[in-house]
Amino acid sequence: MLLSVVLCVAGVAAATATTNVDRKFAAQGTAAGLTADQIGTLQAEADGYLRELGGKQVALNRVELDGATIRIALPGETQPRQIGPGALDVNCDGGYADYRHFCAYRGKSFTGSHIDMYACGVYDIPESWVGPGSWDNNQTKGTVAQMMNDAGKVIYRTPPARSGDPNGSWTPVDRMRNC
């Protein structure tokens, strides 16, 4: 038992030392069975979102924005893991947006890190989201989302809710209005 506690503390220390991971987030990763490298990968992606979009990191793989939540998946994994507080708040998991949510997925076929837009607003799409992606619009019946380029020009309007696209592209999209 003492050996496992020492190894757990050593893993948290290694993750914290290599990527400036908050100790509580590193502990969440260790408790979830992640390696120090995996913890560092999640933290690096969270740091990028925080720098670019603002918000507040509330768990190792979760960033809260005004009206939206970003959940971060490890590279190669289809969905974000359930880590830390709010882990059961999975409005976009399984490739399906819960009712009254618009979910933007970094990967095609509703996979990878995702942004759960649950309040009406304009949201920036991260610069790192280039190439294939997908989205699911399950807002109130008839709601149309608008995707805009970096000049703010609407380049695409979604079909009314309930709609989705498993094979879109985030490359031309700079921001979007989900309602």
Side-chain angles (χ1 to χ4, degrees), residues 25 28 41-75 77-179:
F25 298 144
Q28 290 171 0
T41 297
L42 290 173
Q43 186 61 55
E45 190 167 340
D47 288 344
Y49 294 139
L50 292 166
R51 274 191 306 277
E52 183 180 350
L53 307 174
K56 180 180 180 185
Q57 186 174 5
V58 296
L60 177 60
N61 67 341
R62 185 179 171 108
V63 174
E64 293 287 340
L65 306 170
D66 287 337
T69 301
I70 300 172
R71 292 195 54 235
I72 305 164
L74 283 165
E77 293 190 357
T78 59
Q79 299 293 320
R81 293 190 188 193
Q82 296 180 0
I83 301 172
L88 297 179
D89 183 12
V90 291
N91 300 307
C92 295
D93 280 5
Y96 182 84
D98 287 348
Y99 183 59
R100 295 184 177 250
H101 294 260
F102 183 100
C103 298
Y105 298 88
R106 186 173 188 174
K108 62 183 181 174
S109 301
F110 315 108
T111 61
S113 298
H114 58 248
I115 305 171
D116 171 16
M117 301 172 205
Y118 53 84
C120 181
V122 175
Y123 299 95
D124 288 333
I125 298 300
E127 293 290 327
S128 60
W129 286 31
V130 176
S134 50
W135 54 268
D136 188 20
N137 179 8
N138 194 15
Q139 299 174 96
T140 55
K141 185 176 180 176
T143 302
V144 173
Q146 301 174 33
M147 298 179 189
M148 296 164 265
N149 64 15
D150 60 355
K153 181 181 178 195
V154 174
I155 56 174
Y156 182 74
R157 286 181 175 81
T158 69
R162 167 105 220 187
S163 60
D165 184 353
N167 295 302
S169 174
W170 291 116
T171 301
V173 181
D174 183 69
R175 65 191 81 115
M176 63 175 299
R177 181 172 190 77
N178 65 317
C179 55

Would the distance check show the side chain of T111 and the main-chain N or O of T78 forming a donor-acceptor pair, the cut-off being under 3.5 Å?
no
Residue pair S128 / R106, side-chain heavy-atom distance below 4.5 Å:
yes
Taking the side chain as C-beta and beyond, is there a heavy-atom pair between L74 and L42 under 4.5 Å?
yes
Taking the inter-plane angle between the rings of W135 and F102 on a 0 to 90° scale, is it parallel (under 30°), tilted (30 to 60°) or perpendicular (over 60°)?
parallel
Interatomic distance, CD1@I70 vs OG@S113, rounded to 0.5 Å, equals 8.5 Å
Heavy atoms only: give me the nearest R157-V144 pair and the separation to one decimal.
CB-CG1, 4.0 Å
Do the side chain of Y49 and the main chain of G55 share a donor and acceptor less than 3.5 angstrom apart?
no
Do you know which two heavy atoms are closest between A161 and T140, and how far apart they sit?
CB-O, 3.5 Å
Interatomic distance, N91 atom CG to M117 atom CE [nearest 0.5 angstrom]
13.0 Å
Minimum heavy-atom distance between G95 and F110, given as atom pair plus value
CA-CB, 3.3 Å
Please determine whether side-chain contact (heavy atoms from CB on, under 4.5 Å) holds for the pair D98 and Y118, giving the CA-CA distance in whole Å, both sets of side-chain angles, and the decisive distance to 0.1 Å.
CA-CA 10 Å; D98 287 348; Y118 53 84; over 6 Å; no
Quick one: does any side-chain atom of Q57 pair with a main-chain N or O of L60 as donor and acceptor, under 3.5 Å?
yes
Here the gap from S169 atom OG to M147 atom CE, rounded to the nearest 0.5 Å, amounts to 10.0 Å
K56 NZ to D66 CG distance, which is reported to the nearest 0.5 Å:
12.0 Å
Which residue is it: H114, R162, H101? I am looking for the one with a side-chain hydrogen bond (donor to acceptor under 3.5 Å, both in side chains) to D136.
R162
If we only count heavy atoms from C-beta on, is the I115 to P126 side-chain gap below 4.5 Å?
yes
Can you give me the closest heavy-atom contact between R71 and R81, atom names plus distance?
NH2-O, 3.1 Å
Check: C92 main-chain N/O paired with D116 side-chain donor or acceptor under 3.5 Å:
no
pair D165-S134: side-chain heavy atoms closer than 4.5 Å:
no
One should read off an interatomic distance between E45 CD and N61 CG, to the nearest 0.5 angstrom, of 9.5 Å
Is the backbone N or O of G107 less than 3.5 Å from a side-chain atom of W170, with the two atoms forming a donor-acceptor pair by type?
no
Above 12 or not: heavy atoms from other molecules or residues under 6.0 Å from CZ of R100?
no
Is there a donor-acceptor pair under 3.5 Å between the side chain of T171 and the backbone N or O of V130?
no
Nearest 0.5 Å please: distance from the OH atom of Y156 over to the CG atom of N149.
15.5 Å
Donor-acceptor contact present, side-chain N137 to main-chain T143, <3.5 Å
yes
Only one of M176, Q146, R177 forms a side-chain contact (heavy atoms from CB on, under 4.5 Å) with V154, so which one is it?
Q146
So, the side chain of R175 versus the backbone of D150: is there a donor-acceptor pair under 3.5 Å, distance only?
yes
Within a 6.0 Å radius of atom CG on N167, are there more than 12 heavy atoms belonging to other residues, nucleotides or ligands?
yes
Donor-acceptor pair, side chain of E64 and main chain of V58, under 3.5 angstrom:
no
